[in-house]
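Here the structure is laid out as structure tokens; the discussion comes afterwards.
As the structure is a prediction and not an experimental result, all values here were calculated from the model.
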Amino acid sequence: MWTVEDGIRRLKDRGAKITAQRIAILKRLEGRTDHPSADRLFQEVKEEFPTLSIATIYSTTQILADAGLLKVLSIDEKRVYFDPGTHPHGHFLCTRCGRLLDVGLPEEMKLQVELEGAQVDRLEFFLYGICPRCL
């Protein structure tokens, strides 16, 4: 897991401005194990910064994703989620309640992908179904 200080350093390394809003976003994401949606993160940070725009959420999280601090999940076509856990893992989305859970990858999926002349930059593993709470 990364810290707010790691995030600030990586933002600076990318030439991004360090604003109070960006620090607040880092603080809201630091150490989280859930997967806040863009709207949820926006509402959380907006409490402290009423003039915050949703564009600031998207631009900052994209910079954080580019810096390897965050995964941007497009598991649901209705919303975008953010995952501060960047270790290799998959995700399960409950189609009934919308709950999003981490899923460990089976060993056979943790293989090296070798394609002549290709580079794999990202692997996404999504499962959809009904969670135990909804069954």
Side-chain angles (χ1 to χ4, degrees):
M1 280 300 206
W2 50 268
T3 65
V4 171
E5 291 76 24
D6 293 331
I8 291 170
R9 188 180 71 254
R10 294 217 194 162
L11 287 172
K12 284 182 181 178
D13 290 348
R14 296 192 163 277
K17 291 171 77 174
I18 306 305
T19 65
Q21 291 91 344
R22 286 184 173 172
I23 292 171
I25 292 167
L26 286 167
K27 286 180 179 178
R28 294 295 192 294
L29 292 170
E30 180 185 34
R32 281 181 97 145
T33 57
D34 65 340
H35 307 84
S37 67
D39 291 334
R40 181 170 166 198
L41 188 58
F42 174 67
Q43 292 305 320
E44 290 176 7
V45 180
K46 193 168 176 63
E47 290 176 13
E48 186 178 350
F49 295 94
T51 61
L52 179 79
S53 72
I54 191 76
T56 299
I57 297 292
Y58 283 110
S59 65
T60 300
T61 53
Q62 188 57 58
I63 292 168
L64 295 174
D66 292 344
L69 293 168
L70 187 69
K71 289 182 183 178
V72 178
L73 304 176
S74 56
I75 189 170
D76 180 350
E77 55 192 47
K78 297 177 195 140
R79 50 185 79 76
V80 173
Y81 295 92
F82 305 112
D83 187 356
T86 58
H87 62 284
H89 65 284
H91 295 92
F92 173 86
L93 178 66
C94 179
T95 55
R96 188 169 288 164
C97 71
R99 193 168 162 214
L100 185 57
L101 304 168
D102 286 341
V103 175
L105 294 177
E107 276 307 311
E108 49 281 3
M109 290 194 70
K110 296 178 184 175
L111 49 93
Q112 292 280 24
V113 178
E114 294 180 21
L115 302 171
E116 188 174 325
Q119 174 184 321
V120 176
D121 294 321
R122 186 173 87 189
L123 168 72
E124 292 189 20
F125 180 67
F126 297 145
L127 298 169
Y128 301 85
I130 301 173
C131 72
R133 287 194 317 202
C134 290
L135 282 176

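- Taking each heavy atom of L93 and Y81 in turn, the nearest pair found is CD1-OH, 4.4 Å.
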Fill in: Pair L41-T61, side chain to side chain contact (heavy atoms under 4.5 Å, CB included): steps then yes or no
CA-CA 10 Å; L41 188 58; T61 53; 4.1 Å; yes

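- Scored by the salt bridge (Lys or Arg N to Asp or Glu O under 4.0 Å) test, E44 finds R32, R40 as partners (sequence neighbours excluded).
- In terms of heavy-atom proximity, A16 sits nearest to R22 at CB-NH1, 3.4 Å.
- Listed by chain and residue number, T3, R9 satisfy the side chain to side chain donor-acceptor pair (under 3.5 Å) test with D6 (two or more places apart in sequence, or in another chain).
- One finds the CG atom of L70 at 9.0 Å from the OG1 atom of T86 (value rounded to the nearest 0.5 Å).
- For S37, the side chain to side chain donor-acceptor pair (under 3.5 Å) criterion is met by no residue, not counting sequence neighbours.
- Identified under the salt bridge (Lys or Arg N to Asp or Glu O under 4.0 Å) test for residues 47-65, with sequence neighbours left out: R28-E48.
- In the hydrophobic cluster analysis, where Ile, Leu, Val, Met, Phe, Trp and Tyr join through side-chain heavy atoms closer than 4.5 angstrom, L105 is grouped apart from F126.
- R10 is linked by a salt bridge (Lys or Arg N to Asp or Glu O under 4.0 Å) to nothing, counting only residues two or more places apart in sequence or in another chain.
- Applying the salt bridge (Lys or Arg N to Asp or Glu O under 4.0 Å) test to residues at least two apart or on different chains, none of the pairs has a partner in residues 54-69.
- The two residues V80 and V72 come nearest to each other via the heavy atoms CG1-CG1, 3.5 Å.
- D76 pairs by the salt bridge (Lys or Arg N to Asp or Glu O under 4.0 Å) definition with R79, not counting sequence neighbours.
- Side-chain N or O atoms of K17 include none that pairs as donor or acceptor with a backbone N or O of L11 at under 3.5 Å.
- Between the T60 side chain and the I57 main chain, no donor and acceptor come within less than 3.5 Å of each other.
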Show every donor-acceptor pair shorter than 3.5 Å between a side-chain atom in residues 128-135 and any protein atom, with sequence neighbours excluded, or say none if there are none.
from: Y128; atom 1: OH; to: I75; atom 2: O; distance (Å): 2.8

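- Under the salt bridge (Lys or Arg N to Asp or Glu O under 4.0 Å) criterion, E124 pairs with R122, sequence neighbours left out.
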Worksheet entry | Verdict with reasoning, F82 to L73, per side chain to side chain contact (heavy atoms under 4.5 Å, CB included) | CA-CA 6 Å; F82 305 112; L73 304 176; over 6 Å; no

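- Contact record, P36 with L29: CG-CD2, 4.0 Å, taken as the closest heavy-atom pair.
- The distance from atom OG1 of T33 to atom CG of D83, rounded to the nearest 0.5 Å, is 9.0 Å.
- With sequence neighbours excluded, the residues satisfying ring-ring contact (aromatic ring centres under 6.0 Å, His included) with H91 are H35, H89.
- Each salt bridge (Lys or Arg N to Asp or Glu O under 4.0 Å) pair with one or both residues in residues 87-103, not counting sequence neighbours, would appear here, but there are none.
- Contact record, A24 with V45: CB-CG1, 4.0 Å, taken as the closest heavy-atom pair.
- Checked against side-chain contact (heavy atoms from CB on, under 4.5 Å), L127 has the following partners two or more places apart in sequence or in another chain: F92, V103, F125.
- A heavy-atom distance below 4.5 Å is not found between the side chains of C94 and L101.
- Note: the hydrophobic cluster containing L69 does not contain M1 (ILVMFWY, side chain heavy atoms under 4.5 Å, direct or indirect links).
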